[in-house]
Visitor: 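Below is one structure. I have some questions about it.
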Amino acid sequence: MSTTNMATSSNYWEDLRKQARQLENELDLKLVSFSKLCTSYSSSSSRDQRTRDSRSDSVGSSHDNMLVAMTTELEQLLAGLTAVNDKMAEYTNTPGASSHNAALMHTLQRHRDILQDYTLEFHKTKSNFFSLREREDLLGSVHRDIESYKSSAGVNNRRTELILKEHEHLRNSDSLIDNAISIAIATKENITFQRGILKSIQTRVTTLANRFPAINGLIQKINLRKRRDSLVLGGVIGVCTILLLLYTFH
């Protein structure tokens with residue numbers, strides 16, 4: 001291999017190492033930020049449910065969007081570092097790199113270990129985050145169900161209270177109607193009793209009159225005499241009044 005080819009090959013290897021180190025530095029910073037973001041999400045999710053419910057939807061959506069965007073960016077960086085490592089592995093298999101194969105393989109292995117560590121850390125943090133979010137969604141769903149049950153229970157309680165009040169009004173109305181019916185029945189019984197008494201008296205009087213016809217005739221004569229006396233007295237008073245008027249005007 002010529003000196004120019006070796007220099008070019010060496011520069012290619014150094015370029016790959018620079019790309020790998022640059023991607024590793026970016027991954028290191030991004031993973032730290034990603035871990036902090038997930039930790040802050042975890043802290044906010046561990047607060048009281050009322051505090052969590054008081055947060056605005058826009059804030060929660062912005063947080064989720066940041067996590068999704070950072071996850072996508074980390075996946076792209078890991079994919080880029082994997083591609084660089086693959087290129088480095090291809091380079092170690094070239095005939096011109098055989099003389100430095102041991103050193104190159106050591107360097108390649110170190111970059112591969114770093115990639116593996118970053119990949120494991122990323123997947124672990126991502127897994128913890130998604131597990132946490134699923135748990136929070138589940139707790140939020142349970143909390144909403146509880147609140148919905150409480151609300152429906154409150155509505156049912158108010159509805160039951162209204163039904164009980166209406167039932168009490170119906171009972172009072174029934175009681176008033178029963179009292180009115182009782183008074184009417186008592187009045188009817190009293191009238192019927194009085195009617196029986198009057199009928200009994202009338203029957204007794206009729207019986208007495210039939211039993212003593214002389215008394216009945218005497219009573220009739222007395223009544224006729226009273227009417228006759230009344231007529232006579234009325235006639236006398238009328239004649240006297242006429243005479244008095246004639247005397248007055250003459």
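Throughout, residue positions are numbered sequentially from 1 according to the sequence presented.
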Visitor: Charged N to carboxylate O under 4.0 angstrom, Lys18 versus Glu14?
Guide: no
Visitor: Show me, pair by pair, the donor-acceptor contacts under 3.5 angstrom made by side chains of residues 81-90, not counting sequence neighbours?
Guide:
residue: Thr82; atom: OG1; partner: Leu78; partner atom: O; Å: 2.7

Visitor: Can you get from Leu16 to Met105 by hopping between Ile, Leu, Val, Met, Phe, Trp and Tyr side chains that sit under 4.5 Å apart?
Guide: yes
Visitor: Which other residues end up in the same hydrophobic cluster as Leu233, if Ile, Leu, Val, Met, Phe, Trp and Tyr are linked when side-chain heavy atoms come under 4.5 Å apart?
Guide: Ile237
Visitor: Just checking, is any N or O donor in the side chain of Gln109 or Asp113 under 3.5 Å from an acceptor N or O on the other one?
Guide: yes
Visitor: Who else is in Leu29's hydrophobic cluster (ILVMFWY, side-chain heavy atoms under 4.5 Å, direct or via others)?
Guide: none
Visitor: Not counting sequence neighbours, which residues clear salt bridge (Lys or Arg N to Asp or Glu O under 4.0 Å) with Glu26? List them please.
Guide: none
Visitor: Taking the side chain as everything from C-beta on, heavy atoms only, tell me whether Glu166 gets closer than 4.5 Å to Leu162.
Guide: no
Visitor: How long is the gap from CD on Gln76 to CG on Leu74, to the nearest 0.5 Å?
Guide: 9.5 Å
Visitor: Drop me the distance from Asp28's CG to Leu23's CG, to the nearest 0.5 angstrom.
Guide: 12.5 Å
Visitor: For the atom pair CD1 (Ile191) and CG (Leu198), what is the distance rounded to the nearest 0.5 Å?
Guide: 11.5 Å
Visitor: What distance do Lys30 atom NZ and Asn25 atom CG have between them, rounded to the nearest 0.5 Å?
Guide: 13.0 Å
Visitor: Taking the side chain as every heavy atom from C-beta outward, state whether Ser35 and Leu31 have any atom pair closer than 4.5 Å.
Guide: no
Visitor: Is there a donor-acceptor contact under 3.5 Å from the side chain of Ser200 to the main chain of Gly196?
Guide: no
Visitor: How close do Arg17 and Arg110 get, counting heavy atoms only, and between which atoms?
Guide: NH2-NH2, 3.7 Å
Visitor: Among residues two or more places apart or on two chains, list those pairs meeting side-chain hydrogen bond (donor to acceptor under 3.5 Å, both in side chains) that have a residue in residues 116-132.
Guide: Glu75-Lys126
Visitor: Donor-acceptor pairs under 3.5 Å, side chain of residues 168-178 to any protein atom, not counting sequence neighbours: which ones?
Guide:
residue: Asn172; atom: ND2; partner: Glu168; partner atom: O; Å: 3.3
residue: Ser173; atom: OG; partner: His169; partner atom: O; Å: 3.0

